[in-house]
Amino acid sequence: MTSSHHSHYDAFVRNVRHSSRIELSQAALKKNINFLKRKLGSHPRYSAVVKANAYGHGIPQMVRMLENCGITHFSAASAYEAEEVLEYCGESSDIMIMGILYDQDIEWAIRNDIEFYVFNYDRLQLVLEKAKKLNKKAKVHLEVETGTNRTGMTEPFFRKSITFLRQHQDYFQFQGVCTHLGGAESRSNQFRVDQQIHRFRQYLAELKKRKFMPTYRHIACSAAVLAMPETHYDLVRIGVATYGFWPSPDIYYQHLQEAGKDKDAPMNRIISWKTDVMDIKNVPQGEFIGYGTAYQALNDMRVAVIPVGYSNGYPRGQSNSGHVLIRGRKAPITGLINMNLFMADISHIPGVEIGDEVVLLGKQKNNTINVSSFTNYTQLINNEMLSRLPKAIPRRIVK
Ligand SMILES: *Cc1c(COP(=O)(O)O)cnc(C)c1O
């Protein structure tokens with residue numbers, strides 16, 4: 001479907017190759033979206049959260065792939081990200097900023113029909129001035145405080161804000177009222193999350209009393225979409241599940257209980273990360289591999305040199321633990337992850353040659369490396385590992 005106006009579709013294209021590459025599966029995304037849409041039914045609108053470079057997957061590619069699946073609403077954390085989404089999305093798609101929008105950029109947002117959160121009453125005056133100057137409505141979402149104590153206005157300011165929006169309807173589109181749940185993925189937060197939902201309903205009651213409703217009431221993230229249907233309202237902001245990850249074991253087990261173990265996997269990882277064997281070394285028994293004394297060869301060994309390091313987003317915590325896939329077999333990491341290199345033991349894998357494909361993340365023959373296999377060894381959580389993948393790694397859409 002999408003268009004050729006993406007003139008610099010991949011800003012990092014060079015004449016030579018990068019040291020690794022990311023592949024994104026359109027088919028896997030389609031399955032995730034179908035599964036999530038079945039959960040939602042026909043009413044709430046699906047907003048794909050594409051903050052942090054689409055959880056590391058790449059905004060340009062993900063926006064296009066999501067539009068191929070019929071998604072037309074995108075949530076970004078900042079104006080900076082929203083501008084990138086704007087560059088790649090179709091004419092009729094909508095973009096929402098959930099976080100930082102500097103005063104200097106409010107005009108840009110209004111001019112481009114970008115929706116944005118307002119969580120300070122004082123800000124509305126400034127937005128009004130900009131909207132008047134442009135003679136265009138600002139599309140605002142009032143974010144309310146329900147118990148996370150991040151951003152979100154408290155009740156007195158909320159009441160003032162709705163009065164203000166009402167008075168200036170020529171310059172405001174009351175696009176939404178929203179909040180964010182502080183840990184919907186964990187059962188241990190259930191009490192707190194229930195309280196948040198209760199408080200959110202009180203804000204909605206106030207709106208109802210005043211007969212002044214926004215287009216969208218929204219509160220649900222991935223975990224809430226999967227486990228708490230009462231939170232769906234009119235729009236849902238789905239991040240991690242869009243990319244095929246269960247928000248937590250709690251949510252996964254709940255799904256298994258409901259669906260039964262025999263069901264097909266409804267969620268599928270989109271991302272694979274690959275590179276190639278750069279060199280092969282025979283290491284005599286007793287020698288050290290790489291920096292320092294982190295790894296000593298107990299036998300004569302054969303190791304593959306891999307042109308990726310912590311500067312490429314490969315976690316240093318994988319040193320001497322974790323593995324890569326070569327010729328469909330697991331090759332354990334030997335020694336420290338360096339800035340641009342690491343080594344893996346291929347003594348047990350016959351026939352490895354320079355240039356062979358190395359899978360860092362994803363599937364090769366009958367083996368798979370999941371993001372969770374990284375997060376077992378390191379302190380990283382899924383989102384952190386993914387969102388740190390450098391933008392410079394080229395990303396390619398595959399079937
Ligand atoms: C990140 C984020 C989401 C999406 O959360 P997931 O758990 O990844 O679905 C939703 N809303 C807000 C405000 C967020 O910051």
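In this chain, residues are counted from 1 in sequence order. Just so you know, these numbers use all the heavy atoms, side chains as well, and skip hydrogens, waters and symmetry mates. Both counts, for ligands and for their atoms, begin at 1 and track the order of listing.
- Relative ring orientation between Phe342 and Tyr314 is described as parallel, the plane-to-plane angle staying below 30° on a 0-90° scale split at 30° and 60°.
- By the 3.5 Å distance cut-off applied to N or O atoms, Ser222 is counted among the residues near ligand 1.
- When heavy-atom distances to ligand 1 are checked against a 4.0 Å cut-off, Arg237 comes that close through both its backbone and its side chain.
- Interface atoms of ligand 1 facing Tyr55, defined by a heavy-atom separation under 4.0 Å, are 1 (C), 4 (C), 5 (O), 6 (P), 8 (O).
- The shortest N or O to N or O distance between Lys51 and ligand 1 is under 3.5 Å.
- For the residue pair Asp345/Ser347, the side-chain donor-acceptor check at 3.5 Å is satisfied.
- Proximity of Val49 to ligand 1, defined as any heavy-atom pair under 4.0 Å, is confined to the side chain (atoms from C-beta onward).
- Comparing Cys221, Gly183, Ala224 by heavy-atom distance to atom 7 (O) of ligand 1, the nearest is Cys221.
- At least one N or O atom of Val240, backbone or side chain, sits closer than 3.5 Å to an N or O atom of ligand 1.
- Checked against a 6.0 Å centroid threshold, the rings of Tyr55 and Phe245 do not count as neighbours.
- Polar contact check, Met98 against ligand 1: no nitrogen or oxygen pair lies under 3.5 Å apart.
- A side-chain donor-acceptor contact under 3.5 Å links Asn340 and Ser311.
- Considering every non-hydrogen atom in both Ala241 and Asn32, the closest pair reads O-CB, 4.0 Å.
- Of the N and O atoms on the side chains of Arg237 and His180, at least one donor lies less than 3.5 Å from an acceptor on the other residue.
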